[in-house]
Engineer: 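After the structure tokens below, expect a handful of questions from me.
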Amino acid sequence: MAQEMLPPRPCATEQQRRLGELGVKKAVRARKAAAKTAAASGPRAGSEAFQRGVKALVQYIEREGGLPRRAVVERLPDGSEHRTGIWIGNQKARRDRPHAEQRAALADLGAEWAR
């Protein structure tokens with residue numbers, strides 16, 4: 001059973017020769033995905049995810065009155081779940097990355113570190 005989980009090993013030269021005689025051609029490897037460009041890191045990059053995080057944070061603050069701890073998972077009105085505690089911790093750890101508008105939104109919600 002453990003062998004089923006292993007990736008296929010390349011064929012030996014003799015095996016490749018025999019397969020070639022049978023008409024089996026070598027598979028073409030897929031190209032790697034293009035690297036992200038600088039245009040993808042502009043002010044709109046991740047704004048949808050950020051807005052979703054802000055919605056979950058606002059919902060949590062309205063109910064509990066303060067910023068969440070790490071283990072908080074907030075259920076949004078659309079039925080999806082958002083790991084709000086981890087999200088706010090990541091925003092704090094990466095506080096130099098969000099744009100000024102995003103930091104201002106977090107500061108308005110009570111995140112002192114975003115000021």
Side-chain angles (χ1 to χ4, degrees):
M1 180 141 139
Q3 290 182 348
E4 293 175 18
M5 304 295 266
L6 296 175
R9 296 177 11 199
C11 294
T13 308
E14 179 63 22
Q15 289 172 327
Q16 289 177 0
R17 184 188 63 76
R18 289 181 184 175
L19 288 171
E21 288 175 359
L22 294 171
V24 177
K25 295 181 180 179
K26 191 173 182 180
V28 179
R29 287 187 172 217
R31 293 183 181 178
K32 290 185 178 179
K36 290 184 179 180
T37 61
S41 62
R44 292 189 184 100
S47 63
E48 185 177 323
F50 184 83
Q51 292 303 320
R52 183 179 163 164
V54 168
K55 286 179 185 177
L57 183 60
V58 167
Q59 182 176 310
Y60 179 85
I61 290 172
E62 286 175 353
R63 188 180 68 247
E64 302 292 332
L67 294 178
R69 299 279 181 200
R70 246 355 221 183
V72 172
V73 176
E74 194 69 19
R75 183 170 297 277
L76 296 173
D78 65 0
S80 64
E81 291 184 344
H82 185 270
R83 295 179 178 189
T84 310
I86 291 175
W87 179 81
I88 195 71
N90 287 341
Q91 296 303 313
K92 183 177 180 181
R94 302 171 188 152
R95 67 186 83 174
D96 58 327
R97 293 185 192 171
H99 302 285
E101 301 86 24
Q102 293 174 336
R103 282 193 308 271
L106 292 172
D108 290 343
L109 292 172
E112 294 293 326
W113 47 264
R115 297 190 192 280

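We count residues from 1, following the sequence as given.
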Engineer: Does anything in residues 13-23 pair up under salt bridge (charged side-chain N to carboxylate O under 4.0 Å, His left out), and if so which pairs, sequence neighbours excluded?
Structural biologist: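 Checked against salt bridge (charged side-chain N to carboxylate O under 4.0 Å, His left out) - neighbours excluded - the pairs reaching residues 13-23 are E14-R17, E14-R18, R17-E21.
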Engineer: Kindly assign one of parallel, tilted or perpendicular to the pair W87 and F50, based on the angle between their ring planes and the thresholds 30° and 60°.
Structural biologist: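 Rings of W87 and F50: tilted, 30 to 60°.
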Engineer: Which residues satisfy the side chain to side chain contact (heavy atoms under 4.5 Å, CB included) test with K55, sequence neighbours excluded?
Structural biologist: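 Checked K55 against side chain to side chain contact (heavy atoms under 4.5 Å, CB included); zero matches.
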Engineer: Applying side chain to side chain contact (heavy atoms under 4.5 Å, CB included), name anything that partners D78, two or more places apart in sequence or on another chain.
Structural biologist: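 Listed in chain order: L76, S80.
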Engineer: Who are the side-chain hydrogen bond (donor to acceptor under 3.5 Å, both in side chains) partners of R94, not counting sequence neighbours?
Structural biologist: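 By the side-chain hydrogen bond (donor to acceptor under 3.5 Å, both in side chains) rule, R94 matches no residue at all.
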Engineer: With a 4.5 Å cut-off on side-chain heavy-atom distances among I, L, V, M, F, W and Y, is there a chain of contacts connecting V54 to I88?
Structural biologist: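 Hydrophobic grouping puts V54 with I88.
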Engineer: How long is the straight-line distance from CG of L57 back to CD of Q91, given to the nearest 0.5 Å?
Structural biologist: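 The distance works out to 9.5 Å.
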Engineer: What closest approach, in Å, do A56 and H82 show between heavy atoms, and which atom pair accounts for it?
Structural biologist: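 Looks like CB-ND1, 3.6 Å.
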Engineer: In this structure, which one of E64, Q59, R83 forms a side-chain contact (heavy atoms from CB on, under 4.5 Å) with E74?
Structural biologist: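 Exactly one pass, corresponding to Q59.
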Engineer: Check residues 103-115 and write down every donor-acceptor pair under 3.5 Å in which the side-chain atom is one partner and the other belongs to a residue at least two apart or another chain.
Structural biologist:
residue: R103; atom: NH1; partner: P98; partner atom: O; Å: 2.4
residue: E112; atom: OE1; partner: R115; partner atom: NE; Å: 3.2
residue: R115; atom: NH2; partner: A107; partner atom: O; Å: 3.4

Engineer: Determine the minimum heavy-atom distance between G66 and I61, stating which atoms define it.
Structural biologist: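 Closest heavy-atom pair between G66 and I61: O-CG1, 3.6 Å.
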Engineer: What residues form a salt bridge (charged side-chain N to carboxylate O under 4.0 Å, His left out) with R75, not counting sequence neighbours?
Structural biologist: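 E81.
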